[in-house]
Amino acid sequence: QVQLVNSGGGSVQTGGSLRLSCAGAGRPFSVFGMGWFRQAPGKEREFVGTITRDGTRTHYADSVKGRFTISRDNVKNMVFLEMNSLKPEDTAVYYCAAAAYYSGADVDRYDSWGQGTQVTVSS
């Protein structure tokens, strides 16, 4: 496992942008595929996107494709979620997560989680 700390959430209006960060510590970051998930009140945690261990490939949920971008810096042990054209339905707590040697969408494969950061988009 790896320790993860989320940061960067906040409140924006529809169409705005936010950049979330996730800092990792405890193990070599390049071992881990990294995912972003979100959970809105009363809903299950849902997949947002992932990035492979080397950062060369990303995969996104259809609901965010073309608006969100995931990147990572394995030297600084950081992963980022750039969110543009935000909509009210993007309002949720966002979590980064790590899975050793895995970068798919299965939430149960991720065993290290950040504490989450709130993103609120108002209309």
Colleague: Decide whether Ser17 and Asn84 meet the rule of one side-chain donor and one side-chain acceptor closer than 3.5 Å.
Modeller: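 Yes - a donor-acceptor pair under 3.5 Å links their side chains.
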Colleague: Do Arg53 side-chain atoms and Ser30 backbone N/O form a donor-acceptor pair below 3.5 Å?
Modeller: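 Side chain of Arg53 to backbone of Ser30: a pair is present.
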Colleague: Determine whether a donor-acceptor pair (N or O, by modelled atom type, separation under 3.5 Å) exists between the side chain of Thr14 and the backbone of Ser122.
Modeller: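 Looks like yes, one N/O pair under 3.5 Å.
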Colleague: Would you kindly say whether Tyr102 and Arg109 are connected by a side-chain donor-acceptor distance under 3.5 Å?
Modeller: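 No.
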Colleague: Any chance you could measure Trp36, atom CH2, to Ile51, atom CD1, to the nearest 0.5 Å?
Modeller: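 The CH2 atom of Trp36 sits 11.0 Å away from the CD1 atom of Ile51.
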Colleague: Within the supplied structure, the quantity of interest is the number of heavy atoms (other residues, nucleotides, ligands) at a distance under 6.0 Å from Glu44 CD; does it exceed 12?
Modeller: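 12 or below, so no.
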Colleague: Hey, does the side chain of Arg72 reach the backbone of Phe29 with a donor-acceptor pair shorter than 3.5 angstrom?
Modeller: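 Between the backbone of Phe29 and the side chain of Arg72 there is a qualifying donor-acceptor contact (under 3.5 Å).
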Colleague: So, does Asp73 use its side chain to make a donor-acceptor pair with the main chain of Lys76 at under 3.5 Å?
Modeller: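 Yes, Asp73 side chain to Lys76 backbone: donor-acceptor pair under 3.5 Å.
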Colleague: Relative to the ring of Phe37, is the ring of Tyr110 parallel (under 30°), tilted (30 to 60°) or perpendicular (over 60°)?
Modeller: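 Rings of Tyr110 and Phe37: perpendicular, over 60°.
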Colleague: Testing the 3.5 Å rule here: is there a donor-acceptor pair between the side chains of Gln118 and Thr120?
Modeller: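 Yes, because at least one side-chain N or O of Gln118 sits under 3.5 Å from a partner of the opposite role on Thr120.
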Colleague: Apply salt bridge (charged side-chain N to carboxylate O under 4.0 Å, His left out) to Arg67 and list each qualifying residue two or more places apart in sequence or on a separate chain.
Modeller: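 Partners of Arg67 under the salt bridge (charged side-chain N to carboxylate O under 4.0 Å, His left out) test: Asp90.
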Colleague: In the hydrophobic cluster built from side-chain contacts under 4.5 Å, what are the other members alongside Met78?
Modeller: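 Direct or chained contacts put Met78 with Phe80.
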Colleague: Hey, what do you get for SG (Cys96) to CD (Gln115), rounding to the nearest 0.5 Å?
Modeller: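 So the gap between those two atoms works out to 7.5 Å.
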Colleague: Tell me if a side-chain donor or acceptor on Thr50 pairs with a main-chain N or O of Ser103 at a distance below 3.5 Å.
Modeller: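 The answer is yes, because a donor-acceptor pair under 3.5 Å joins these two groups.
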Colleague: Quick one: does Gln39's side chain have a donor or acceptor within less than 3.5 Å of a partner on Glu46's backbone?
Modeller: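 No, Gln39 side chain to Glu46 backbone: no donor-acceptor pair under 3.5 Å.
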Colleague: Determine, using the 4.5 Å side-chain heavy-atom cutoff (strictly less than), whether Val121 and Tyr95 are members of one ILVMFWY cluster.
Modeller: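 No, because Val121 and Tyr95 fall into different hydrophobic clusters, even though each may have its own neighbours under 4.5 Å.
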Colleague: For Lys87, check salt bridge (charged side-chain N to carboxylate O under 4.0 Å, His left out) against everything at least two apart and list the hits.
Modeller: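 Scan of Lys87 (salt bridge (charged side-chain N to carboxylate O under 4.0 Å, His left out), adjacent residues dropped) gives none.
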Colleague: Are Tyr101 and Leu4 connected, step by step, through hydrophobic side chains (Ile, Leu, Val, Met, Phe, Trp, Tyr) whose heavy atoms are closer than 4.5 Å?
Modeller: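 Yes, Tyr101 connects to Leu4 through the hydrophobic network.
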